[in-house]
Structure formats: C-alpha cells, structure tokens
Amino acid sequence: MADYLARLNAEQRLAVETLDGPLLVLAGAGTGKTRVLTTRFAHILLTGRAWPSQVLAVTFTNKAAREMRERVSALLGRPADGLWLGTFHALSARMLRAHAALAGLSPNFTILDTDDQIRLLRQLMEAARLDIKRWPPATLAGVIQRWKDRGLTPARVTAAEDTDFAAGQARALYADYQARLATLNAVDFGDLLLHVIELLRAQPDLLAEYRRRFRYILVDEYQDTNVAQYLWLRLLAEGHRNLCCVGDDDQSIYSWRGAEVENILRFERDFPGARIVRLETNYRSTPAILAAAAGLIAHNEGRLGKTLRPGIAAAGEKVAVVGVWDSDEEARMVGGRIEALRAEGHKLAEIAVLVRAGFQTRAFEERLLTLAIPYRIVGGLRFYERQEIRDALAYLRVLAQPADDLAFERIVNLPRRGVGETALRSLREAARAAGIPLAAAAGALLERGALRGPARAGLTGLLRDLDRWHGVLDAQGHVTAAETVLDESGYSAMWQADKSADAPGRLENLKELVRAMAEFETLGGFLDHVALVTETETDAAEDRVNLMTLHGAKGLEFDTVFLPGWEDGVFPNLRAMDAGGAKGLEEERRLAYVGLTRARVRAIVSHAAHRRIYANWQDSVPSRFLDELPEAAVVRSGAIAAGGMARIAAPPPRLAGAWELAPRPAPAAAFAAGARVFHEKFGYGTVTAAEDHRLEVAFDKAGTKRVLDGFVSAA
DNA sequence: CTCGGCAGAATTTTT
DNA sequence: TTCTGCCGAG
C-alpha cells in the first residue's frame, strides 16, 4: 500500500478510495477532513485516473485553496501546476473570462466589490427618487445578493418575493442594476456564479466540454454552499457524477449568506446511489473539550448526527467558564491569562481570542497593547478595503477598463482638480444621453467646448494623463504604470502633504500595493486577485496572539482558545436570532460549537455582567449556551473586581456574583405601534411603526425618529 | 468648489 | 465613543 494511504485510519481511507460515483464525507471537527481531501486529490493523480487539469476542486476560502494546493504538491513531490483549484468565485471568474462574449461581456470585465455595488445602487435609487434614508442602498444590495445566492435572475424573481423593500420596488431596481452592470462591463460577486450557470445552461456544447474535462470534482465545506453554488456543481457533475463533497452539518454557519444546510442533508436524494462516509475520530481536542462541544451541539435538532470519538487518550483540562463583573475586567482576565501562559513558555501564535462580532476585538486589542503582548487581527481591516488602496485601484481599473464608470467617478476629482458636483452632473447626463462611458463623454464634452473654468482644465489634464498612462502600461508593464500613475496624478503627493497621523501609513500601503503587483503577470490578473482574495496575508511566522471572529476561525485550530462575551444578545446574537428565529438560534449554537472545537488543549469561556455599549453600561445575562455545557466537562468560576485587582472566587458549582441571579428576560418584547416608550436622548414618545427591532417613534419633544428597540424602554 | 463643524445614529457574521 | 452625512461660510 502506498505510504500516504497507510497514514490514514480506516474511515479516512474509505473516503479516499471510494472514487466512482457521488460520495458525501461527513467530517466532524478535527477528524482529518483536509487530509482526506488532499490525499484523495493526490490519489486520483497518482493512480493515473486523471491529469491535474481534469480535477475540479472547490473551496470556500482562498486560504483553504492555498493550503490544499500546498499539501497536494507535498504528496506529489512536485509543484501542483495546472490545477482547477480555487473558490467558487475564482473558478467562476476563470470560466467567465474565457467565455465572456457568450455572457455579453468583454473579457476585461470588472469585478465589483460590495462598496461599488452600494454606490451604484445609490445612484439608481436616487434616480428613481427613493428615500435612501428610509431604504438604505446597502439593504437593497443584501436583498439582491440573496436573490443571486438562490440563483434568481431578475426575471425569475416573483412579485410575491418582492414585498419587503421600498414597497415592492426591489425587483425593478434589480433589473435596472443588472442593465447598468452590463453597460459598465462589470459583474458583482453573485454574478460570477450566476453568469456561469446561465452560460452552462444556454450552451450545451460548453457544458459538455466542461463535463468531459472535469472527471473528478471535489468540494470542501459543502454545508456552506448556497443554491447557486449547488446548481453550479450539479451542472458540472451531472455527467459522470464523480462528485465528492466534504462537510459537516454541525459547522454550517453561513445561512445569512444564503448557505443552505439542506444541501448537505439532501445529498442522498440529489445524487441517488451516493455513498456516505463518516469521519468521527477527532485527533485535535482533548476529551474534555470534545465532551463540552458535543453536549452543546446535542441541543440542536435537524442534524445528520455524528458522534465524535476522542482520538486522544488523556482527559485534559476541563473547559473553564469564567464570570466577570464587566467587559473591562473580561479583557483584563484574558490578558492576564495570556501573560501567564506566555510566562509558562506557551507560544502566542497558539492562542486565539474568538469573538462573535468584529467590534469586540477592540477591547482585547487595547488590553494586549498595554500589556505589550503582540497580537494580530485576522480578517479585520482588509488591505484592499483601505481608502488609499481603493483609490489607487480605481486609477488602475480605469486603465484596465475605460468603461468602468464607478472607478472613474472615484478618481475624477481625486486629488482635487476642480471637477465638482456640477461638472460631474453634466458629465453623467452626456454619458447617459449618448450611451457611452463617462470618460468618453468627458472627451466629447471638451471637444464641444461645453465645460469651462477649473472643471475644463482639470478634465483635460486627466484625460491627457490617462492617455499617457495607457502608453506606459503597454510599453513598460503594470508595475511601472502604477508607479507613474500614483506619482503623476498627484495622488501620492496628496498624502505627502497630509499632516494627519495616518498619512505615512497610507503612503506605506501604497508602496506595498505596488510591490504586490509585481507578483502578477498582468494588470488584469492582479485586479482579479484583488477582487477575489479579500483576506489579508498574515505572516503566520510571527509569534502573536490571534484575534478574530468565530466565523473567521473556521478551519483553524489553536492550543488555547478564549471565547469571551457569552451573554444573551451578544452570543447568541440578538439580531441573528430575530432574523432567523429558532433556526437562527441553532446556527448560533453551531457557531459556539465551531469555537469550542478550535481548541486543542484548553478553552476559556467568559461572560460579563455589565457591558459598555457607547458611553453607558448595560446589564447582561449569561448566555443560554453556558447552561448547555455538560457539568462534567466544565469548571465554573466567578471573578469579582475589587480595588482594581481581579480576585478569583472559590469555584462553586455556579458562580457567586449577585448579577448571576438575575432572571433571564423573556425574548425581547417588540414594541407595537401605539406603545409609549422612553429613550435616553429623545425622551418620551409614541411608537408609530414597528418592524422587528426597528421602531419609528414620534417623540414628544424630539420629533419622529427611527430607532432600534434596544435603545428604548417601556414608559 | 472646498472645507470645517455639527447633528444624529450606531452594533453580525463575508466569498 | 466614533463615524457619516449634511449644511453653511468663505
């Protein structure tokens, strides 16, 4: 037997060697899912069943794709080139670039990010005279995205689906939006998949070609696929049906993004004759941690059901549940324990603080900063989302694709060159009238002598510059072109002249951007990377504590995991619950399960009785998940702040602080229209409209406002 | 056209 | 507390 097979246990080997026909691998946390996937990949190649270019391997994150590529090449003993391995979006982009014309696009189409989408939608909504205060463009972006997640083009959205937003205008706006994207030669994230699906459906020859090419299909994190992704996979796999999906229904945490756990629950029905292999031996966590996680997840209904068996013998430390007075003390507690671990010789990189929502990392950052403990924020502010980077990218996008009006609008007056709102309005008008891009319209207007003053001078200069930069791009490549653009546009100079504290950092980021470009052969390749690879490269080599969200932690593991903020409303998150109801709560529980199972040797769960929201303090109640942890697997303790020093109370079965006795409030009673309420700032008022947690309140003194119900109390 | 100051509202997760 | 967006003055 090949030695790479000998390293697997029986269930893993079965998952690797079952090659023909549909296969679902149900892989519990820490059961060697990635090993199975990569070994299977290598096995297909090494047994000569397919060439590297004949295997399609789909992951959810670029990180997972990278890791798989590395591990496959390690197994093969050579670089794994020519693979179709990547995220759904990256693979779709690759297919779409190759057949753009069939989708009505030119191959240099732009991939818009969320920010661009929202800008575009705002324009459309303003044109439609919608009140963007009342109906935020970002909400519409969400509605459209969810339709796209479900594979719905505007024509397929029924009127019954279109009631929630702006009295049923979302569908029409969606159609406008798609039309606008077509003229911009642009696609958004959802379009990447949607266009490919439409393409495969409309072009039988193309579909047949792809089906012939991809003899084996591997899918990671199948529980997180949405309908569009499911349709995409199904189209490609339907011929030979050599489809292997790996997933864990207990780790499905992306339903808010359109993921359908049902996809995994339904696999056998979708692919009759499918085999199912369960991986249930956990080699990651101690039995104590596993017991805690298992006890928690057992409270969910609608699972496929797996029993995780510990693959590690020593019982290990119990999960610590720590109650503290307030959020400041929680940060001190976590910081203190990290210091102690460091003093004992533990590596900081093996410690993670996993929070429910991004803003929660802040408190820990501050604490670690004062303790001089190095940390990194994983998935926090992303490089390509920074203002200066997006500005620079807009310049490059205009060079790559002159029809990219969104990018053009962004840079047309940046740095200031006298092209204000008035000039821009006539530009837009001319562009719309002639059905041409803004840049082209600018040229036409200038020729006609239509503009005057600073706007004329500014635009003339910009168009001349763009023309010259095109020459630089063609003659000297994209790196030199980028340097030239940043220099000659005055953009770098703008930041050099800026005296604010973050200006030097921004200039440094711009340099970093140019450096990053050198790794790509073409400008287009680089821009695709930017659009599709949202995560920041973090040098894992440095020994730093990891701060991240629970979502961001999926697929990772650490010796020590801190899980702060286990309080009702924070975690389980209030909004997640009222958006998703009972299902929402189950997803929150799966998130908790994901968090616990990241830990190899120790997990510290904490909750605070008081949490500072902005300036004021709010009482909070321990998370219901704490009650669901089996007693045998946890040690509970309360810590009470006294004179600035944290003192750990003797560990009673339940913690001792008085705050803990507070009864859990009934699920937030939504206020109905007519209810009298009191608001910290606006005083007394009467509710005039209520939907979910959003209230419209006519205040006696402050007028009518829209507020969240958390900010008011019954009067 | 640009800039500075003020008012008002704010909390989820991301390919 | 922090951010964004609006408005008025220069």
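Numbers restart at 1 for each chain; the letters A, B, ... are given by sequence-line order, proteins then strands. Keep in mind that the numbers below use all heavy atoms, side chains included, and drop hydrogens, waters and symmetry copies.
Comparing the same atom, C1', in dT13(B) and in dT4(C) gives a spacing of 23 Å after rounding to whole Å.
Checked against dT12(B), dT15(B), dT14(B), the side chain of A357(A) finds its nearest nucleotide in dT12(B). Side-chain proximity of T422(A) to the nucleotides dT12(B), dC1(B), dT15(B) is greatest for dC1(B). Nearest nucleotide to the R575(A) side chain, out of dT12(B), dT13(B), dT15(B): dT12(B). For Y254(A), the listed nucleotide lying nearest its side chain is dT14(B); candidates were dT2(B), dT15(B), dT14(B). The listed nucleotides are dT13(B), dC3(B), dT15(B); the one nearest the side chain of R416(A) is dC3(B). Side chain of R257(A), nearest nucleotide from dC1(B), dT12(B), dT15(B): dT15(B).
Within 4.0 Å (heavy atoms only), N413(A) reaches sugar-phosphate atoms of the nucleic acid but no base atom. Contacts of F359(A) with the nucleic acid, taken as non-hydrogen atoms under 4.0 Å apart, include base atoms.
In this structure, F571(A) and F625(A) have perpendicular ring planes: the angle between them is above 60°, well past the 30° mark. The aromatic rings of H551(A) and W256(A) sit perpendicular, their planes meeting at an angle over 60°, well past the 30° parallel limit. Classified by interplanar angle (parallel below 30°, tilted 30° to 60°, perpendicular above 60°), the ring pair W495(A)/Y491(A) is perpendicular.
Summarising the geometry, the separation between CD on Q117(A) and P on dT15(B) is reported as 14 Å, rounded to the nearest angstrom. Taking atom CH2 of residue W256(A) and atom C1' of nucleotide dT14(B), one finds them 4 Å apart after rounding to whole Å. Atom CZ of R425(A) is separated from atom C1' of dC1(B) by 13 Å (rounded to the nearest Å). Atom NZ of K148(A) is separated from atom P of dT15(B) by 18 Å (rounded to the nearest Å). Computed from coordinates, the R612(A) CZ to dT2(C) P distance equals 10 Å when rounded to whole Å. One atom, CH2 of W232(A), and another, C1' of dT15(B), lie 13 Å apart when rounded to the nearest Å. Residue F60(A) contributes atom CZ, which lies 14 Å from atom P of dT14(B) at whole-angstrom precision. Counting to the nearest Å, the P atom of dT15(B) and the CG atom of D191(A) are 18 Å from each other.
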Which protein N or O atoms sit under 3.5 Å from an N or O of nucleotides 3-6 of chain C?
none

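For dT12(B), the base has a donor-acceptor partner in the side chain of R356(A) [N/O atoms by modelled type, under 3.5 angstrom].
For T549(A), a side-chain nitrogen or oxygen approaches OP1 or OP2 of dT14(B) to under 4.0 Å.
The residue among I253(A) and L424(A) whose nearest nucleotide of DNA chain B is located toward the 5' end is L424(A).
Donor-acceptor pairing under 3.5 Å is lacking for the side chains of Y230(A) and E260(A). For S92(A) and W232(A), the side-chain atoms include at least one donor-acceptor pair closer than 3.5 Å.
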Distance-only donor-acceptor hits, side chain of residues 415-424 of chain A, under 3.5 Å, sequence neighbours excluded:
unit_1: R417(A); atom_1: NH1; unit_2: I411(A); atom_2: O; d: 2.7
unit_1: R417(A); atom_1: NH1; unit_2: V412(A); atom_2: O; d: 3.0
unit_1: R417(A); atom_1: NH2; unit_2: Y395(A); atom_2: OH; d: 3.0

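When the side chain to side chain donor-acceptor pair (under 3.5 Å) test is applied to D326(A), no partner is found at least two apart in sequence or on another chain.
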Output, in order, the C-alpha distance, side-chain angles, deciding distance and verdict of side chain to side chain contact (heavy atoms under 4.5 Å, CB included) for Q223(A) and N263(A).
CA-CA 7 Å; Q223(A) 76 283 352; N263(A) 285 349; over 6 Å; no

